[in-house]
Structure formats: structure tokens, C-alpha cells
Number of protein chains: 2
Amino acid sequence: MVRNWADITCPIQRTATLFADVYTIIILRELMSGSKRFTVLQEAGINPRVLTQRLRNLVNEGVVVRTRFAERPPRVEYALTPKGEALIPVLDALKNFGEKYLSGS
Amino acid sequence: MVRNWADITCPIQRTATLFADVYTIIILRELMSGSKRFTVLQEAGINPRVLTQRLRNLVNEGVVVRTRFAERPPRVEYALTPKGEALIPVLDALKNFGEKYLSGS
DNA sequence: CCGTATCCGAAGGGATACTG
DNA sequence: CAGTATCCCTTCGGATACGG
């Protein structure tokens, strides 16, 4: 029952198809507070295999940018692009709901 | 690397864990415009097996209410609860992003 | 440090048929 | 109409080890 991208006309569904995934959302949450390194993102509770997959997707979609710093040792940082920052309202909405309805237990 | 619910303290992650799923979001989108019947939701592109799973979850979480009407033939309708309506800002944010960044192609 | 490769069991989900 | 049951293939993802 899955559709082709071109067949998805609803903007809600398009966005959800690309980003409605727990690991993706955790990454975006981490990057909201500034750029982060691979290892730091891992510590948020994502194993390297899954983290690589999600980051690749985010970079491909243009919401995250990967920057290599030519240092010794080399350093890599992931950060939100302006397009990525446009997803912050989604995270804010998730936060508002969670705070209001999912605080207990 | 998956956590127990009690270990998830971040409200963003809590909300995402429960609802960040494409089919769930499609259902919520459909219910935004009023209560819908099972068959109608199916026509949004969700097979009955998956639809049942997602609806059960939504009802368990208290964001959707299932109502049986004692008619002939019996009718069942699914609708957002007030808690479910509190998720509308999430859908709005997804919509805004999609309209701005995912319109082409 | 930043990934990639492999293994492998678990879960997901499409199709279809069937029941109250 | 509103689901449930079954089959079966695909994907996911955790763990671990390894490579540039």
C-alpha cells in the first residue's frame, strides 16, 4: 500500500514520510542546540549503524550539513541547515504535547 | 539501544515514540476534518491489518475515541479526543514544512 | 574518531481470505 | 461493515568487530 513519492501530494504525509522516525527526531533534537559530533549523537542512544543511515538521509534531504575539519585528529560535525531549522516548529509541537500529556509515569 | 518508557524523560522523544509513524500520522490527518469510519480510513492507503494496529494504539493512548452506533447495520466511527486535538499543532507544523520545502517533484 | 561490514533474530507489513 | 487470521517475504536494528 506504499506509494511512490510523486503520488504523495499531501504535505503532511510528505514530511512524515521523510522524517517521522524516532531516531531521526532524536538527531534533530540534539542538533537543535548546536552542531554535534558523531560520537556525541551516538551517546543519545543510537547505535552507529542506525545513526549513519539516518544522518545520510538527513544530509540527502538537505536538512543537515556534514562538515569535516582538517585537524589532527580530523573532526566531523553535523549541523542543521536553514531547511533543517524549519523543522524546529515540529519539534516544538512534539515538546508541547509531551509536556502537557506525557509527563506522568 | 531502545529504552524503557520510564527512562525516556524528553517530551519530544516521548511523543515521537508514541506517534512518529507514517500510518499514525495519516490517520490523525484524516480525523482532523471530522470523525471517520474504518473503511474510509482504509481508503487513505492503509491496509486493514495495519489500520487496526494503529487505531488500537491511538485509542489506548487516549487520542482517539471509538464509537459504536447501534444501527442496522452497525456503524463505527473514530474521532479525535481533546487530547488528540492537541496533536493538531504537530500536523500543522508538518504541513507548513511540507508546503514550503517539499512541494516540487 | 568516524564510520563500515557482517551476522542474525525480531519485527513489520502487503496480500488475501475469512468471520460476526 | 469492521475487523481478524494467516502466510511469507522484506526490512529493521542490536551487537560486535573491523578499517581509514
Side-chain angles (χ1 to χ4, degrees), chain A residues 1-5 7-8 13 16-31 34-61 63-80, chain B residues 1-5 7-8 13 16-31 34-61 63-80:
Chain A
M1 234 99 167
V2 157
R3 328 280 247 285
N4 293 328
W5 179 252
D7 295 335
I8 306 173
Q13 192 172 341
T17 299
L18 295 179
F19 306 116
D21 164 82
V22 181
Y23 298 105
T24 298
I25 290 169
I26 292 173
I27 292 170
L28 294 173
R29 181 198 65 195
E30 292 298 312
L31 297 185
S35 67
K36 297 277 179 302
R37 308 181 62 162
F38 190 90
T39 306
V40 174
L41 293 172
Q42 247 185 289
E43 289 162 3
I46 312 179
N47 75 47
R49 188 178 158 284
V50 172
L51 180 54
T52 301
Q53 291 170 350
R54 297 304 191 278
L55 284 173
R56 197 192 315 276
N57 176 56
L58 290 167
V59 170
N60 286 342
E61 295 304 330
V63 301
V64 165
V65 59
R66 178 184 188 274
T67 308
R68 284 194 36 130
F69 294 91
E71 303 176 354
R72 312 214 55 89
R75 180 168 50 108
V76 175
E77 297 242 357
Y78 293 92
L80 294 181
Chain B
M1 233 99 169
V2 158
R3 327 282 247 285
N4 293 326
W5 178 253
D7 295 336
I8 305 172
Q13 192 171 341
T17 299
L18 295 179
F19 307 116
D21 165 82
V22 181
Y23 298 105
T24 298
I25 291 169
I26 292 174
I27 293 170
L28 294 173
R29 180 198 65 196
E30 293 297 313
L31 298 186
S35 66
K36 297 277 179 302
R37 308 182 62 160
F38 189 91
T39 307
V40 174
L41 293 172
Q42 247 185 292
E43 289 162 4
I46 312 178
N47 75 47
R49 188 179 157 282
V50 172
L51 181 55
T52 300
Q53 291 170 352
R54 297 305 190 277
L55 285 173
R56 196 191 316 274
N57 176 55
L58 290 167
V59 170
N60 286 342
E61 295 303 330
V63 301
V64 166
V65 60
R66 178 183 188 274
T67 308
R68 285 194 36 133
F69 294 90
E71 302 175 353
R72 312 215 54 88
R75 179 167 51 107
V76 174
E77 297 242 356
Y78 292 92
L80 295 180

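In the text below, chain A, chain B and the rest are named by the order of the sequence lines, each starting its count at 1.
Residues A:Tyr78 and A:Thr67 have side chains not in contact (no heavy-atom distance under 4.5 Å, counting atoms from C-beta outward).
Atom C1' of nucleotide D:dG3 and atom CG of B:Leu58 are separated by 16 Å, given to the nearest angstrom. The nearest whole Å value for the distance from the CZ atom in A:Arg3 to the P atom in C:dG13 is 15 Å. Summarising the geometry, the separation between CD1 on B:Ile27 and P on C:dG13 is reported as 11 Å, rounded to the nearest angstrom. Put simply, CD1 on A:Ile46 is 13 Å from C1' on D:dG14, counting in whole angstrom units. If you measure from atom CG of B:Asn57 to atom P of C:dG12, you get 11 Å, rounded to the nearest angstrom. Atom CG in A:Asp21 sits about 16 Å away from atom P in D:dT11, given to the nearest Å. Going from atom CZ of B:Arg54 over to atom P of D:dG3 covers 16 Å, rounded to whole Å.
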Just list the side-chain donor-acceptor pairs under 3.5 Å for residues 39-48 of chain B, sequence neighbours left out, or say none.
from, atom 1, to, atom 2, distance (Å)
B:Asn47, OD1, B:Arg49, N, 3.1
B:Asn47, OD1, B:Val50, N, 2.9

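Each end of the helix from C:dG3-D:dC18 to C:dG20-D:dC1 gets its own axis, taken as the rotation carrying the C1' atoms of four end pairs onto the next four within a five-pair window, and the two axes meet at 40° to the nearest 10 degrees.
Every side-chain contact (heavy atoms from CB on, under 4.5 Å) that A:Arg68 has, sequence neighbours left out, goes to A:Arg66, A:Pro74, A:Val76. With sequence neighbours excluded, the residues satisfying side-chain contact (heavy atoms from CB on, under 4.5 Å) with A:Asn57 are A:Glu61. By the side-chain contact (heavy atoms from CB on, under 4.5 Å) test, A:Thr52 is found to be paired with A:Phe38, A:Arg56, residues two or more places apart in sequence or in another chain being considered. With sequence neighbours excluded, no residue forms a salt bridge (Lys or Arg N to Asp or Glu O under 4.0 Å) with A:Arg29. Residues passing the salt bridge (Lys or Arg N to Asp or Glu O under 4.0 Å) test with B:Arg75 are B:Glu71, B:Glu77, sequence neighbours excluded.
OP1 or OP2 of C:dG14 lies within a sub-4.0 Å distance of a side-chain N or O belonging to B:Asn47.
Sorted by first and then second residue, the salt bridge (charged side-chain N to carboxylate O under 4.0 Å, His left out) pairs involving residues 16-27 of chain B (not counting sequence neighbours) are B:Asp21-B:Arg54.
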Going 5' to 3' along nucleotides 2-11 of chain C, which nucleotides have protein heavy atoms under 4.0 Å from the base (write B), which only from the sugar-phosphate (write S), and which from neither (write -)? SBB-B-----

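Rounding to the nearest 0.5 Å places CG of B:Leu58 at 5.5 Å from CD1 of B:Ile27.
No engagement by A:Arg68 is indicated, since no non-hydrogen atom pair under 4.0 Å with the nucleic acid exists.
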